[in-house]
Protein chains: 2
Amino acid sequence: MILAVDVGGTKLAAARVSPDGAIVAARRAATPQDAGAETLWQALCDLIDPLSGGITGGITGVGAGCGGPMAWPSGVVSPLNIPGWRGFPLRARLAERFPGVPVRVHNDAICLAVAEHWRGAGRGVADMLGMVVSTGVGGGLILGGRLVDGGTGNAGHIGHVVVEPDGGPPCGCGGHGCLEAVARGPALTAWALAHGWTPHRPGASSGGPGTTAEGRGAPPGGVGAAGERAPSEGFAVGGDYREERAVTGRMLAADALAGDPVAVAAMRRAGRALGIALASATHLCDLELVTIGGGLSQAGEPLFGPLEEALREHARMGFARRLRVAPASLGQEAGLIGAAALVLAGDTYGEIPL
Amino acid sequence: MILAVDVGGTKLAAARVSPDGAIVAARRAATPQDAGAETLWQALCDLIDPLSGGITGGITGVGAGCGGPMAWPSGVVSPLNIPGWRGFPLRARLAERFPGVPVRVHNDAICLAVAEHWRGAGRGVADMLGMVVSTGVGGGLILGGRLVDGGTGNAGHIGHVVVEPDGGPPCGCGGHGCLEAVARGPALTAWALAHGWTPHRPGASSGGPGTTAEGRGAPPGGVGAAGERAPSEGFAVGGDYREERAVTGRMLAADALAGDPVAVAAMRRAGRALGIALASATHLCDLELVTIGGGLSQAGEPLFGPLEEALREHARMGFARRLRVAPASLGQEAGLIGAAALVLAGDTYGEIPL
């Protein structure tokens with residue numbers, strides 16, 4: 001049995017995975033907020049111990065996905081959304097707890113791409129990019145049927161392909177005009193609010209007092225639909241807040257589907273940015289398939305129409321026209337499945353000793 | 001002995017290459033212009049026969065680079081600059097002439113990248129892009145120490161990474177805003193002429209009659225410095241014309257070094273476009289090194305200063321900052337060396353059977 005672990009800023013997840021990749025048992029818990037390194041580690045141990053049958057009960061390998069950045073393959077992690085872990089030796093700690101078995105740690109976006117290639121929409125495809133478009137925009141690259149790590153384990157950062165070189169919005173990476181800065185959910189909702197979007201929240205009256213005004217001045221994603229939180233609360237706070245932000249992204253998508261012109265324009269802006277980045281990616285990597293998962297992948301035609309339009313406009317050579325864009329097919333468990341694959345299919349997804 | 005072949009629109013080259021990669025003997029000839037398929041093939045045979053000692057004299061493998069596009073790995077070529085070859089079965093014809101030995105054909109830009117990795121500035125580097133910036137902008141990608149072909153042999157098309165998504169110049173690929181449309185030599189000189197550049201040609205009086213005016217209306221690169229050819233003669237003509245155009249590109253570089261403000265602005269435009277494309281490339285592929293060869297790689301600070309500036313502006317994450325940009329270190333023979341490596345180092349550069 002493999003132990004798979006998925007560490008995110010909102011939740012921790014772990015599973016026992018059989019050698020053929022089936023999840024036998026899984027557990028989830030909220031990620032402790034504002035916690036120190038050891039508190040976080042203890043929460044993870046509390047989650048995995050019942051699954052692993054104590055220290056080594058039948059576990060023959062451990063695969064873990066974690067938010068980046070991280071030193072790779074050493075698995076020393078500093079996830080942006082978990083301030084308590086800065087330079088935390090996740091791989092070494094797991095190896096200490098499960099001595100004598102292989103332990104691999106990789107970026108969570110890589111695990112999602114690996115999962116789609118191993119068991120999802122990319123099965124059997126030689127050259128693909130597995131993307132996630134959500135609070136962030138990330139991905140993982142499979143070329144020649146094998147995971148591409150890049151020298152530091154950071155290949156696949158499609159979110160930082162430049163799509164608006166001049167005057168594009170500032171990005172969390174320190175650059176500007178990156179795909180992520182344009183197309184991540186919070187950037188989209190902020191853009192829409194700043195352009196006068198009034199969310200039509202199901203079960204609430206639309207256009208509540210102050211919504212639009214607060215939207216204008218707020219940081220990206222920093223305003224709940226009904227304005228319950230002040231912009232000064234900013235970004236990197238607890239799970240409730242994230243949930244609320246996700247609802248807002250979904251509301252924007254729903255409003256775009258319903259024909260709200262600002263919501264449509266916001267989705268169009270993101271869709272075109274995605275199409276441009278994918279044209280660049282396929283020219284460079286000669287891809288057959290891109291899978292798109294994450295919250296925004298549910299946005300339908302208002303996002304995917306402009307995406308296809310921009311992609312076809314920029315990717316004109318024969319080899320580039322073959323690129324297919326498909327929804328990711330694995331749901332919430334993709335991260336765990338990909339983490340397990342790091343070990344169960346190490347020849348394809350494990351690090352190569354050079 | 002390996003026979004290496006390099007087929008371009010201007011010249012044909014071939015060499016005997018020893019197992020350790022040294023060129024033992026080489027021959028060059030002009031590519032017959034406006035010739036049919038069999039005339040071109042005969043010209044190639046006339047070039048290689050004295051090197052191969054008749055039909056099979058001691059040749060244990062054949063590697064060929066050829067202008068794209070091509071079907072790969074079958075090596076059915078349709079080089080843009082050789083109109084007489086459309087769907088020409090170059091690999092099959094070479095295999096017929098050298099029966100029983102391995103024959104490999106790849107894109108000429110790929111061969112240049114392979115050469116730099118095998119014997120040039122990229123020796124020992126795991127993750128690199130080998131670029132050429134000249135009449136076109138092309139490249140080849142080495143990841144995890146191995147050539148990346150992509151599913152159709154077209155990985156490495158850095159020239160079609162999008163750098164000006166909105167309103168960028170039309171590109172020969174059918175798209176717009178591609179790096180190549182901005183930074184290829186003829187685009188640069190055309191841009192400079194259209195913005196009032198008067199070439200300071202060594203040994204000729206500057207600002208000859210009509211130069212600037214013709215430049216404005218001309219197709220990219222379609223005007224010799226002294227206006228000897230009418231714009232209507234267009235682009236894809238003989239070797240003299242190419243030589244003249246090359247001189248023009250060099251003159252632009254020389255004028256930029258001498259401080260001509262329009263020439264400086266043209267180089268800056270190209271340099272920034274290169275830097276933006278390389279930021280996107282390293283975010284996606286996690287590269288350690290980019291080598292730049294081709295005519296424009298000699299342009300010095302006016303090109304490489306803005307390149308570094310734009311790259312550092314957009315590539316801010318730790319892993320992306322490690323990217324080094326270096327000049328290609330092999331000269332004119334790079335194409336032959338890379339072609340030989342397709343066979344001599346087939347484990348690294350030959351196609352992978354999937």
Looking only at V125(A), L287(A), T282(A), V161(A), the option with the highest number of non-hydrogen pairs under 4.5 Å against chain B is V161(A)

Return the minimal non-hydrogen interatomic distance between S280(B) and V162(A), and the atom names on each side.
OG-N, 2.9 Å

For residues R316(A) and G175(B), report the shortest heavy-atom separation together with the two atoms involved.
CG-N, 3.6 Å

Within the distance-only criterion (no hydrogens, no angle test), does the side chain of H283(A) pair as donor or acceptor with the backbone N or O of H160(B) below 3.5 angstrom?
yes

Please confirm whether the backbone N or O of H176(A) pairs with a side-chain atom of H314(B), one donor and one acceptor, at under 3.5 Å?
yes

Heavy-atom contacts under 4.5 Å, residues 151-159 of chain A to chain B:
G151(A), T152(A), G153(A), N154(A), A155(A), G156(A), H157(A), I158(A)

Anything in residues 106-123 of chain A with a heavy-atom distance to chain B below 4.5 Å? Please list those residues in order.
none

Considering the options L143(A), V148(A), L284(A), which one meets the side chain to side chain contact (heavy atoms under 4.5 Å, CB included) requirement together with V148(B)?
L143(A)

Between [X] and chain B, with a heavy-atom cut-off of 4.5 Å, which part of the residue counts as in contact: side chain, backbone, both or neither?
X	value
V163(A)	backbone
R272(A)	neither
E313(A)	both
L141(A)	side chain

Honestly, the part of R312(B) sitting under 4.5 Å from a heavy atom of chain A is neither

